[in-house]
Amino acid sequence: MASRLFEETVLPHLDAAFNYARWLTRNDSEAEDVVQDACLRAMRFFSSLREDNARAWLLTIVRNSWYSRISRRKEIAESTAGDHDRGESADDALDPEERLLQQYTIARVRAALEQLPVDFREVIVLRELEGLPYKEIAAIVSVPIGTVMSRLSRARERLMTLLTPSDSMGRLP
Amino acid sequence: MSCELVERDLSAYLDRELDIDAATAIRSHLTDCVACRRLVAQREALGRLVRSAPYHSAPERLRARISASTTRSRFARRFLPLAAAATVLVSAGIGAAVMRLAPAASVAMVDQVVDGHVRSLMADHLFDVQSTDQHTVKPWFLGKVDFAPPVVDLSAIGFPLVGGRLDYLGGQPVAALVYQRQKHTINVFVSPEKSSGPTDVVRAARGFRVHHWVRDGMSFWAVSDLNDAELTQFVRALQTS
């Protein structure tokens with residue numbers, strides 16, 4: 001195993017790994033631990049990377065690392081609340097009122113995503129934030145493509161309900 | 001095409017994951033159906049909204065920590081061989097007996113394989129991952145063992161894959177693949193093997209049959225209570241796939 005090769009093939013996907021872990025764990029420091037653990041495993045098992053898709057490979061390991069952590073702690077029930085204290089970055093070019101509105105919207109989307117069951121949340125993150133094709137998502141989550149399709153569909157219905165309240169601020173056009 | 005069908009496939013349609021015929025059918029339905037067009041617009045807006053969710057980039061300190069650990073392992077690789085060479089010099093004096101544990105189909109090894117098989121049937125721990133899909137079973141081992149076990153589907157000849165699990169043989173983690181033949185279970189233990197080995201040796205112990213072979217840098221142990229002819233057929237199929 002060449003570690004330079006590892007740095008070149010795997011480290012470019014560190015953001016994707018962290019984003020995925022962060023949405024799985026809903027917690028910054030835990031996401032860091034998961035990603036670090038996953039990278040150590042990835043380094044150790046680098047020789048088993050047979051396919052050319054290092055991103056999907058790394059994300060699979062991130063997911064396995066996270067699952068082995070939570071099963072170790074028997075916390076599958078997902079009781080932890082995410083840390084919501086961090087300010088969301090809104091576009092600086094907007095005027096104060098628009099920025100406030102944008103921050104409000106981002107916070108609501110985030111809250112809605114974090115409310116989703118993890119099976120739904122992860123496919124939405126992999127699809128909408130990573131832009132992965134169904135085939136890759138299926139490989140990472142290790143379910144058939146048909147399951148990815150139905151989970152995405154149900155997750156979106158759920159989000160639709162969560163994000164379409166009666167007030168004027170978050171209504172979809 | 002009905003509105004219900006459009007609604008069912010809407011997600012995949014907007015993700016451009018439908019095949020061309022299904023997508024065309026939806027598109028032509030949309031030209032005539034105001035309600036579905038509104039639904040599409042709504043879902044597109046939802047997509048834009050969801051994509052505005054925060055993307056969590058890796059913090060610099062994490063990146064630095066990981067880079068540091070890859071550099072450390074590079075350092076280790078450069079200097080550990082020296083240490084290993086020193087160890088060899090020392091152990092050369094002790095004798096050749098510790099050189100390498102031969103992976104031969106020794107009585108002890110066959111015993112362990114049979115033990116592993118019996119344990120898997122008794123302890124209700126036949127699988128960690130239960131799936132008939134090789135594309136589910138194979139990636140499950142990622143990050144659990146440092147090799148990619150070849151997982152093949154032999155259901156076409158009557159030996160369906162039913163799952164996999166992590167097991168131990170000779171103190172080493174091995175991938176265990178589980179196949180079924182009617183009521184009989186076949187365990188296949190796979191682990192990496194650097195040295196060459198037999199193309200197929202057969203042993204019998206405690207009413208079970210054990211086949212062992214080494215191929216493409218992997219050691220295989222297949223064990224079952226299946227009759228000899230059928231187990232041999234299974235082993236041949238596994239070897240030629």
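Order of the sequence lines sets the chain letters (A, B, ...), proteins ahead of strands, with each chain counted from 1. Just so it is clear, the model here is predicted, and its values are computed rather than measured.
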Is [X] in contact with chain B via its backbone, its side chain, both, or neither, using a 4.5 Å heavy-atom distance?
X        : answer
A:Ala155 : neither
A:Ile140 : neither
A:Ser153 : both
A:Leu40  : side chain

What's the separation between atom [atom1] in [X] and atom [atom2] in [Y], rounded to the nearest 0.5 Å?
X        : Y        : atom1 : atom2 : result
B:Leu142 : A:Leu58  : CG    : CG    : 10.5 Å
B:Arg61  : A:Glu32  : CZ    : CD    : 4.0 Å
A:Asp15  : B:Arg63  : CG    : CZ    : 5.0 Å
B:Tyr55  : A:Phe18  : OH    : CZ    : 10.5 Å
B:Asp15  : A:Met149 : CG    : CE    : 9.0 Å
A:Thr25  : B:His56  : OG1   : NE2   : 8.5 Å

Closest contact, heavy atoms only, [X] versus [Y]:
X        : Y        : result
B:Val50  : A:Ile124 : CG1-CG2, 3.8 Å
B:Asp146 : A:Arg44  : CB-O, 4.2 Å
B:Leu46  : A:Met160 : CD2-SD, 3.9 Å
A:Leu113 : B:Ala53  : CD1-CB, 3.6 Å
A:Ile106 : B:Pro54  : CG2-CD, 3.8 Å

Task: Most contacts with chain A, counted as non-hydrogen pairs under 4.5 angstrom, among B:Pro192, B:Pro59, B:Ser52, B:Gly47 - done: B:Pro59

Task: Greatest number of heavy atom pairs closer than 4.5 Å to chain A - which of B:Leu14, B:Val145, B:Asp133, B:Thr136 - done: B:Val145

- [ ] Select all residues of residues 128-136 of chain A having any heavy atom within less than 4.5 Å of some heavy atom of chain B, and report them by number, or 'none'.
- [x] A:Glu128, A:Leu129, A:Glu130, A:Pro133, A:Tyr134

TODO: Could you check if a side-chain atom of B:Arg51 sits within less than 4.5 angstrom of a side-chain atom of A:Arg127, using non-hydrogen atoms only?
DONE: no

Open item on the list: Any side-chain to backbone donor/acceptor pair from A:Asn19 onto B:Ser57? Under 3.5 Å, distance only.
Closed with: no

- [ ] Spell out, as yes or no, whether a donor-acceptor pair under 3.5 Å connects the side chain of A:Asn64 to the backbone of B:Lys144.
- [x] no

Open item on the list: Using the side-chain hydrogen bond (donor to acceptor under 3.5 Å, both in side chains) definition, which of the options A:Arg156, A:Arg154, A:Arg151 pairs with B:Ser11?
Closed with: A:Arg156

Open item on the list: Please classify the contact between B:Arg8 and chain A as side chain, backbone, both or neither, with a heavy-atom cut-off of under 4.5 Å.
Closed with: backbone

